[in-house]
Amino acid sequence: MTEMPNPDDYIITRKRKLYKFALFQTMTNCYDDQSWEEAKSKIVTKSPLIAEVGAGSGLFLTKLASLHPDKRYLAIDRKSDRLVQGAKKAVTDQVVNINYLWSNADNLGRLLPAGCADEIWLTFPDPWPQESNYRKRLTAPKYLSQYEKLLVTDGVLRFKTDNKELFDWSKEQLATNGYKVVFSTDDLHGDNRIAADNDALVMTSYEARYINEGKKICYLVAKVN
Ligand SMILES: C[S@@+](CC[C@H](N)C(=O)[O-])C[C@H]1O[C@@H](n2cnc3c(N)ncnc32)[C@H](O)[C@@H]1O
């Protein structure tokens, strides 16, 4: 078994980051591309699977996993030092139905089998406001087509953002890339159509900050047509 890194060996900030990278590699609920290849057949066969792409700290999905012990969760981000926060929380709170995958969304088609996901969450993805960067947005056509392959029939894509421009742009992308928006609101936390136990009301770290700043949160649910 890999030896646990000692936090005292990583005092200055850059080293703290290295410590988080090292810690990620030792945690049994965390995977990189390589270790995932060996483990995934045991994890993704158990349905329902709910994935978050661009999960950041993974704390949002960790909370959902604790609320729904009968479902399996997979938090994916290209930064392992962020994901490790959720992974640590899951260990502390004994949440065993979630895993953390350090990878880029570009690899989804290779890392996950078709039709494995009941839900895919996108929460507060980077807006990449410059038009020349639109391909990097997690609601860009190349990602939407990957999600489409991963979703089960009648599976849902759920998307939250504080950025109205990104929200409107994403709705256009969904409409022109084979999806149908089945629910949409420009004020998630003020919309009385949302039941109090709706998972969408669980806040991500970014969301809590935006709500504190008085911002409204846009939210939609889409299905493949
Ligand atoms: C603004 S943060 C939001 C994090 C989290 N969803 C939340 O609301 O707290 C966006 C996250 O998306 C991740 N990300 C951006 N592009 C990605 C990609 N192509 N593949 C995987 N993760 C990506 C970033 O590393 C970052 O952690």
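Whatever order the structure lists them in is the order used to number ligands and atoms, beginning at 1. Not measured: the values here are computed from a predicted model. Computed from heavy atoms alone, side chains included, the values below leave out hydrogens, waters and symmetry copies.
Within 4.0 Å of ligand 1, contacts by protein heavy atoms are made from E52, G54, A55, G56, D77, R78, K79, R82, S103, N104, A105, T123, F124, D126, L138, Y143, T204, S205, Y206.
Contact between Y210 and F124 at its shortest, heavy atoms only, is CE1-CD2, 3.6 Å. The two atoms that bring K160 and Y219 nearest to each other are CG-CD1, 3.7 Å, heavy atoms only.
Salt bridge present: K164 and D186 bring a charged side-chain N and a carboxylate O closer than 4.0 Å. Ionic pairing of K79 and D77 is not present here: no N-O contact between side-chain nitrogen and carboxylate oxygen is shorter than 4.0 angstrom.
Listed by chain and number, the residues in a salt bridge (charged side-chain N to carboxylate O under 4.0 Å, His left out) with K88 amount to none (sequence neighbours excluded).
For Y179 and Y147, the ring centers sit 6.0 Å or farther from each other.
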